[in-house]
Amino acid sequence: MTRKLYALSGADRTRQFSPHVWKTVMSLAHKGLDYETIPVAFTEIPTIEDGGTATLPLLRDGERLVRDSFDIALYLDDAYPDRPSLFAGDGGKAMARFIENWTQSTLHMAVTRIAILDIHNLLGPADREYFRRSREERLGASLEDIAAAGKIEIEGFAKKFQPLRNMLKKQPFIGGEGPLFSDYIVFGALQWLRTTAGTKVLESDDPVADWFNRCLDLHGGVGHRVTAA
């Protein structure tokens, strides 16, 4: 198989947890494309593909190397136009850009605070040292202090989804009657939380929880490939 997806993993190589990797997993499934998953630890990233990337996911499709989950989605739509579209046109691309910025500015920092110690504990020894050093430098606090702030994030997390909750009263997915890449962007954030901390942040009768469960079940249930923490 010439198609390979390099995916961030913990000490358990079957547990891929990166939200960006999950966006690409869902994109490949959406397109119905086969691939081999290559699990990669944080400290192994510089060694893959001759140092071809500093971040994951990284997709090799034959002779092509594509970095970044959004760029991978764009590439897949261009390279495989006969398969279901991830964007359904330029409007879908513009919408996905907005959704990605909203998700990263509103959801990702909250998940980081909630799950940071859980992520640390999923890693092997070398990755734990790297993760602690890099995150504490980036965020300006110890992992323990960040996690303490995460307890407050849990209480208000569900409120961040109110725009999505209102929209889901009128349609089953962000993409309309079916999912698009915009759905996979938000799904990635919740899947990140599910596969690292497993913290309950949505009530079972919440429309957003229903939407997330529908996303987990998509494409033969690929989202269930990694169990909840």
Side-chain angles (χ1 to χ4, degrees), residues 3 5-7 16 18-35 53 55-62 64-112 157-194 201-202 206-223 225:
R3 200 175 295 115
L5 174 63
Y6 293 92
Q16 285 90 49
S18 163
H20 308 296
V21 168
W22 275 105
K23 290 182 236 175
T24 299
V25 168
M26 298 300 280
S27 297
L28 287 162
H30 185 102
K31 286 289 191 180
L33 296 169
D34 294 329
Y35 62 96
T53 187
T55 60
L56 297 177
L58 175 68
L59 178 69
R60 172 168 285 286
D61 190 5
R64 286 291 303 273
L65 271 178
V66 191
R67 305 162 187 82
D68 181 80
S69 57
F70 207 110
D71 288 344
I72 291 170
L74 292 171
Y75 164 76
L76 292 175
D77 254 14
D78 288 343
Y80 301 97
D82 56 323
R83 293 171 180 262
S85 176
L86 286 159
F87 297 101
D90 289 341
K93 293 176 185 177
M95 175 177 70
R97 289 292 186 195
F98 171 81
I99 294 291
E100 183 174 65
N101 279 284
W102 171 75
T103 300
Q104 292 187 358
S105 63
T106 303
L107 303 182
H108 280 206
M109 195 62 238
V111 175
T112 296
F157 195 77
K159 295 178 182 177
K160 300 179 188 297
F161 288 91
Q162 195 57 46
L164 176 58
R165 195 172 287 115
N166 290 340
M167 191 202 68
L168 291 172
K169 295 175 183 178
K170 299 182 178 181
Q171 59 196 62
F173 293 98
I174 299 173
E177 291 303 310
L180 293 174
F181 187 63
S182 291
D183 289 271
Y184 305 146
I185 294 170
V186 184
F187 170 82
L190 285 173
Q191 182 76 325
W192 182 25
L193 183 59
R194 173 182 172 271
V201 291
L202 299 170
D206 190 324
V208 178
D210 289 341
W211 165 86
F212 181 63
N213 287 327
R214 286 196 297 275
C215 289
L216 283 170
D217 292 339
L218 287 169
H219 316 308
V222 66
R225 188 170 71 187

Enumerate, atom names and distances included, each donor-acceptor pair closer than 3.5 Å involving a side-chain atom of residues 85-94, sequence neighbours excluded.
| residue | atom | partner | partner atom | Å |
| --- | --- | --- | --- | --- |
| Ser85 | OG | Asp77 | OD2 | 2.9 |
| Ser85 | OG | Phe87 | N | 3.1 |
| Ser85 | OG | Ala88 | N | 2.8 |

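In terms of heavy-atom proximity, Pro207 sits nearest to Leu168 at O-CD1, 3.6 Å. Residues Arg225 and Trp22 approach most closely at CB-CH2, 4.5 Å, considering heavy atoms. Looking at every heavy atom in both residues, Val111 comes nearest to Ala189 through CG2-O, 4.0 Å. Heavy-atom minimum distance, Trp211 versus Pro172: CD1-O, 3.5 Å. Between Gly223 and Gln191, the closest heavy-atom pair is O-NE2, 2.8 Å. The two residues Lys160 and Ala110 make their nearest non-hydrogen contact at CE-CB, 3.9 Å.
Using a 4.5 Å cut-off on side-chain heavy atoms (C-beta onward), Ile174 and Met95 make contact. Contact annotation: the side chain of Gln104 approaches that of Glu100 to within less than 4.5 Å [non-hydrogen atoms, C-beta and beyond]. Side-chain contact between Val186 and Trp102: present, with at least one pair of heavy atoms (C-beta onward) separated by less than 4.5 Å. Side chains of Cys215 and Phe173 form a contact here, defined as non-hydrogen atoms less than 4.5 Å apart. Looking only at side-chain heavy atoms (C-beta outward), Val25 and Tyr35 come within less than 4.5 Å of each other. Using a 4.5 Å heavy-atom cutoff, the side chains of His30 and Phe181 are not in contact.
Between the CG atom in Leu28 and the NZ atom in Lys23 there is a gap of 14.0 Å [rounded to 0.5 Å]. Here the CG atom belonging to Leu107 is positioned 10.5 Å from the OG1 atom belonging to Thr112, to the nearest 0.5 angstrom. With values rounded to the nearest 0.5 angstrom, Asp71 atom CG is found 11.5 Å from Leu59 atom CG.
Scanning for side chain to side chain contact (heavy atoms under 4.5 Å, CB included) contacts around Pro57 gives Leu5, His20, Val21, Thr24, Ser69, Ile72, with sequence neighbours left out. Every residue two or more places apart in sequence or in another chain that forms a side chain to side chain contact (heavy atoms under 4.5 Å, CB included) with Leu65 is listed here: Glu49, Leu58, Arg60. For Arg214, there are no side chain to side chain donor-acceptor pair (under 3.5 Å) partners two or more places apart in sequence or in a different chain. Every residue meeting the side chain to side chain contact (heavy atoms under 4.5 Å, CB included) condition with Ala158, not counting sequence neighbours, appears here in chain and number order: Arg165, Leu202. Asp61 pairs by the side chain to side chain donor-acceptor pair (under 3.5 Å) definition with Arg3, Tyr75, Tyr80, not counting sequence neighbours. With sequence neighbours excluded, the residues that form a side chain to side chain donor-acceptor pair (under 3.5 Å) with Asn166 are Gln162. Residues meeting the side chain to side chain contact (heavy atoms under 4.5 Å, CB included) test with Thr55, sequence neighbours left out: Thr53. Residues passing the side chain to side chain donor-acceptor pair (under 3.5 Å) test with Asp210: none are found, sequence neighbours excluded. In this view, Phe187 and Phe212 satisfy the ring-ring contact (aromatic ring centres under 6.0 Å, His included) rule, not counting sequence neighbours.
Screening residues 167-191 for salt bridge (charged side-chain N to carboxylate O under 4.0 Å, His left out) gives no qualifying pairs among residues at least two apart or on separate chains.
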Please walk me through it: do Phe161 and Val201 pass side chain to side chain contact (heavy atoms under 4.5 Å, CB included)? CA-CA 11 Å; Phe161 288 91; Val201 291; 5.7 Å; no

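Looking only at distances, no side-chain donor or acceptor of Thr106 sits under 3.5 Å from a matching main-chain atom of Thr103.
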